[in-house]
Amino acid sequence: MNLEIFDIFECWDHRSRFEAKVSFFNRKDFKDFSFFSQILDSLSSRDDGKFNFENDLEERFEFTKKTQETEFQRFMNSSEQMDIVLTIDKKIIDGKQSIYFFDSFIKHLIGKQVAETMSYFHNLFSNECERIFFEILDPNISEFNLHTGSIYFGTSSSESDNRFNRISKLFKVKNASSFYNLDNYELLPDDFHVSTAYPKNDSTRDLKKYFKKIEMILSIIYVSASSRIDERRLYYQINDVANTHIVSLNNDLAYNPVIFEIYNWIYSTDSYIDKSSIARSVFEYLAAEIIDSDDSVIRGIQKAYNIYIKDKVSVYLDAKKELSSYIIESLSSLKRYPNAILDTFLKNLYAISGFFFSVILANVISERELDKIFTNDIL
């Protein structure tokens, strides 16, 4: 985008639209055709931009990429005064969105209520996007990079190494916690956990601070057993029968990194059901609130889990020992079965042979006279 526009126009960059306005009261200040056409040509192919002109007679003219210079000149010669408005409708395609005036965009983003910003990012991810890349096209920004696990702000399209399986993590939190508003805020703390941020300036600091607040709120939601939010408050219960705790979403919350550590510890493995249950039991035992967590809390949770694992291992080893003994005894019994079967078979064979021999002999005797079977000497 032409750098001159920021000197001449009053500019705003919102989440989905860029706007710039200027009023000329002297024909000498009018810009030529190339000034306006070059600005539109510099826009991302994702976005639609146009200029709207209005003279002192309230006549209007729309300038687009298809506008001819002769049409433009004819309208500009119609008046000595001109109001000009540039609007750019920014679209999200393949998870990418443009930023044309970075400082304005950040100011507008972090000026919104947390719940509204969460809804905005939920809608971005709902477009079948696993990653969101904000492409900075502001000519005043030569270098800027801020990365989370799934959100990237940058002057280039490079991605962070801190990538994670977002679908898998969402599956886990849905199974282990009950977040009433999940359909409206299907987000994760990882989406806002900043891993890279440079250079160090006001915009970086403000955006990082704002993201940390959202990260902490989402971490509380998934560490607790049940929760819900409205426009201004978060309500959560550590266990289903515990008291309801309330956190204001718009207060200047002090960032507590331990909460994300607990969340990450719970959901980093496939034992997240056991871990979440133990973590909540420890909070209940200590009568502590999640938002006040410190290093002693996470050590207590990990210690309790290690004891739990040790007990499970002992039970497993005992069961394994019993199973092994059962298998050995079964194999020994199977080895004895062939001998027993053979012995039984031989006994039955003798009995069957004797039976048949007796029957045959009896039949022979009953059908023939004795002197025809035995010799005279025998008789």
Polar side-chain atom of R280 near backbone of V223 as donor-acceptor pair, under 3.5 Å: yes
[X] ring center near [Y] ring center (under 6.0 Å):
| X | Y | answer |
| --- | --- | --- |
| F102 | F144 | yes |
| Y152 | F133 | no |
| F105 | H14 | no |

Closer than 4.0 angstrom, basic N to acidic O: yes or no for [X] and [Y]?
| X | Y | result |
| --- | --- | --- |
| E80 | R27 | yes |
| K96 | E135 | no |
| K91 | D48 | yes |
| E215 | K208 | no |
| K90 | D47 | no |
| E186 | K174 | yes |

Once the angle between the rings of [X] and [Y] is folded into 0 to 90°, is it parallel (under 30°), tilted (30 to 60°) or perpendicular (over 60°)?
| X | Y | answer |
| --- | --- | --- |
| F63 | F36 | tilted |
| F153 | F134 | parallel |
| F192 | F121 | perpendicular |

Min side-chain heavy-atom separation Y185-I221 under 4.5 Å: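 No. Closest side-chain heavy atoms not under 4.5 Å.
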Cation-pi geometry met for R166 and F171 (6.0 Å, 45°): no
Flag if over 12 foreign heavy atoms under 6.0 Å of OH, Y180: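 Counting neighbours around OH of Y180, 12 or fewer heavy atoms of other residues, nucleotides or ligands fall under 6.0 Å, so no.
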